[in-house]
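To start, the structure under review is shown below, and the notes come after it.
Chain naming here is simple, since letters A, B, ... match the order of the sequence lines and numbering starts at 1 in each.
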Protein chains: 2
Amino acid sequence: MANPSAAMLVIGDEILSGRTRDSNMHFLAGELTKHGIDLKEVRVVADDRDAIVAAVKALSEGHDAVFTSGGIGPTHDDITADCIAAAFEVSIDVRDDARAILQAHYDATGLELNAARLRMARIPEGATLIDNPVSRAPGFTIGNVHVMAGVPAVFQAMVASVLPTLTGGAPLLSQSLRVYRGEGDIADLLGQLAAEYADLSIGCYPFQKDGVFGANVVVRGQDGSRVDAAMADLARGLDL
Amino acid sequence: MANPSAAMLVIGDEILSGRTRDSNMHFLAGELTKHGIDLKEVRVVADDRDAIVAAVKALSEGHDAVFTSGGIGPTHDDITADCIAAAFEVSIDVRDDARAILQAHYDATGLELNAARLRMARIPEGATLIDNPVSRAPGFTIGNVHVMAGVPAVFQAMVASVLPTLTGGAPLLSQSLRVYRGEGDIADLLGQLAAEYADLSIGCYPFQKDGVFGANVVVRGQDGSRVDAAMADLARGLDL
């Protein structure tokens with residue numbers, strides 16, 4: 001049976017301008033793979049309402065689950081929650097349970113829960129909250145979309161909150177072999193293997209370092225015995 | 001005048017499985033910003049024909065320029081060139097000038113230009129070649145789409161070949177200020193600035209490290225005097 005499919009939407013001008021190097025995509029990709037959910041597509045868009053709404057709609061319709069990162073803080077450029085509400089055509093307002101979480105946090109830290117911070121309690125109608133053990137301001141899930149913070153420590157904590165609630169499939173297993181030959185010399189063999197093991201994904205990633213070149217061959221699949229068999233055929237084909 | 005807009009398409013199972021952390025997006029984002037081209041969107045898709053063709057069509061129609069990375073090597077999973085030809089509805093075959101580049105390279109290195117390697121000379125009809133000073137196998141440009149390798153050293157060299165051929169706008173200038181206050185305390189001020197300087201992008205990126213917290217405020221725009229003025233107003237608003 002095919003694993004559930006997922007997409008990710010990274011939101012933020014700072015990624016597209018090159019100011020910040022995103023790390024959430026790589027983290028989420030690894031976690032989903034372990035959980036047996038296939039990340040099929042990632043999109044990165046700016047802090048732009050039309051772009052966010054269009055991407056959320058497209059990804060939500062095309063995949064079993066969508067994960068967003070970024071744009072849920074207290075400042076004017078944090079427009080993700082409103083865009084999600086627009087994409088789902090529901091209302092959005094400050095919600096009592098989210099406000100209570102923020103109130104308790106700011107009471108404890110001696111900071112004021114002002115109008116800007118209260119924006120972080122704006123939750124689309126019908127959403128459920130995602131726990132944020134790091135900085136309290138919650139994320140939320142609506143439909144199949146999980147809306148999370150962009151700050152990596154918070155994003156990672158929210159992923160840890162959400163993943164156990166999702167049904168995964170078989171984790172994607174992988175084995176790899178480092179081959180000291182040019183990709184072009186092993187391409188035929190890999191093509192034959194890919195045809196024979198159509199249920200597996202067989203990838204070839206060249207490297208060149210300090211005058212030594214070769215390729216890492218990676219075999220991925222849900223069935224460990226098939227992965228083993230393909231690796232054995234690979235080794236035989238290479239006369240190893 | 002608005003700068004030209006660009007999109008990027010990253011192609012490869014290895015990114016989506018979490019095996020490899022992409023670095024080409026961050027590199028391209030920085031280069032485009034310096035060149036005065038606005039990177040508006042990035043998509044990452046698997047080595048899947050339908051997904052690649054659909055993404056190329058959508059991005060090519062929606063932006064002035066598209067940059068792709070990945071999938072142009074000699075192995076069975078390198079399907080980008082064929083997908084680009086399909087997206088543009090043109091034929092694809094081994095081309096003499098591309099073959100000559102490869103032949104000279106393999107003659108010099110003593111390796112055989114076999115059928116697998118010859119796949120790297122398959123160029124869609126009407127494309128122009130992109131020079132690859134690192135490992136010779138060329139990229140190509142067709143319409144507004146620039147097709148480049150995924151290996152970072154090669155990708156970077158190809159970007160260096162392509163960028164001077166593109167008309168850029170005004171480089172995006174940016175200044176930033178590190179503020180040791182909570183985002184929620186400066187959100188009102190930033191909202192006012194964003195409204196007053198609608199031609200600029202004003203971003204706020206919180207940090208928290210070793211018990212110290214605050215935010216980096218980044219002001220970006222094409223007009224240096226406007227960026228200066230906004231930074232001065234920001235400092236005044238913060239009583240600095």
With only heavy atoms counted, which part of B:Phe213 is less than 4.5 Å from chain A, the side chain, the backbone, both or neither?
side chain
Is it true that a side-chain atom of A:Arg181 and a backbone atom of A:Ala215 form a donor plus acceptor pair closer than 3.5 Å?
no
Looking at every heavy atom in both A:Arg220 and A:Ser174, which two are closest together, and how far apart are they?
CG-CB, 3.7 Å
Can you check whether A:Ile101's main-chain N or O pairs, donor with acceptor, with A:Arg136's side chain at less than 3.5 Å?
no
B:Arg122 CZ: over 12 foreign heavy atoms closer than 6.0 Å:
yes
For a quick check under 3.5 Å, do A:Tyr197 and A:Asp233 share a side-chain donor-acceptor pair by atom type?
yes
Quick check: under 4.5 Å, non-hydrogen atoms only, which of residues 29-47 of chain B neighbour chain A?
B:Ala29, B:Gly30, B:Thr33, B:Leu39, B:Lys40, B:Glu41, B:Val42, B:Arg43, B:Val44, B:Val45, B:Ala46
Proximity of residues 14-26 of chain B to chain A, residues having a non-hydrogen atom under 4.5 angstrom
B:Glu14, B:Ile15, B:Leu16, B:Ser17, B:Gly18, B:Arg19, B:Thr20, B:Arg21, B:Asp22, B:Ser23, B:Met25, B:His26
Between B:Ser5 (side chain) and B:His63 (backbone), is there a donor-acceptor pair under 3.5 Å?
no
A:Val219 and side-chain contact (heavy atoms from CB on, under 4.5 Å): which single residue from A:Leu190, A:Leu193, A:Val227 fits?
A:Val227
Exam field: side chain B:Arg178 to backbone B:Val217, donor-acceptor pair closer than 3.5 Å
no
Mind listing the closest non-hydrogen atom pair of A:Phe155 and A:Thr68 along with its distance?
CE1-O, 4.0 Å
Would you confirm whether B:Asn132, through its side chain, and B:Pro138, through its main-chain N or O, come within 3.5 Å as a donor-acceptor pair?
no
Look at B:Asp188, B:Val218, B:Asp185, B:Leu118 and state which one has the largest set of heavy-atom pairs under 4.5 Å with chain A.
B:Asp185
Which atom pair, heavy atoms only, marks the closest approach of A:Ser135 to A:Val154?
OG-CG2, 3.6 Å
Taken in chain and number order and not counting sequence neighbours, the residues that satisfy side-chain hydrogen bond (donor to acceptor under 3.5 Å, both in side chains) with A:Asp48 are none
Toward chain A: residues of residues 198-205 of chain B with heavy atoms under 4.5 Å:
B:Ser201, B:Ile202, B:Gly203, B:Cys204, B:Tyr205
Most heavy-atom pairs under 4.5 Å with chain A, out of B:Ala153, B:Ala187, B:Pro206, belong to B:Ala187
Would you check if the side chain of A:Asn114 reaches a backbone N or O of B:Gly184 as a donor-acceptor pair within less than 3.5 Å?
yes
Could you tell me whether the side chain of A:Arg119 and the main chain of A:Thr75 form a donor-acceptor pair under 3.5 Å?
yes
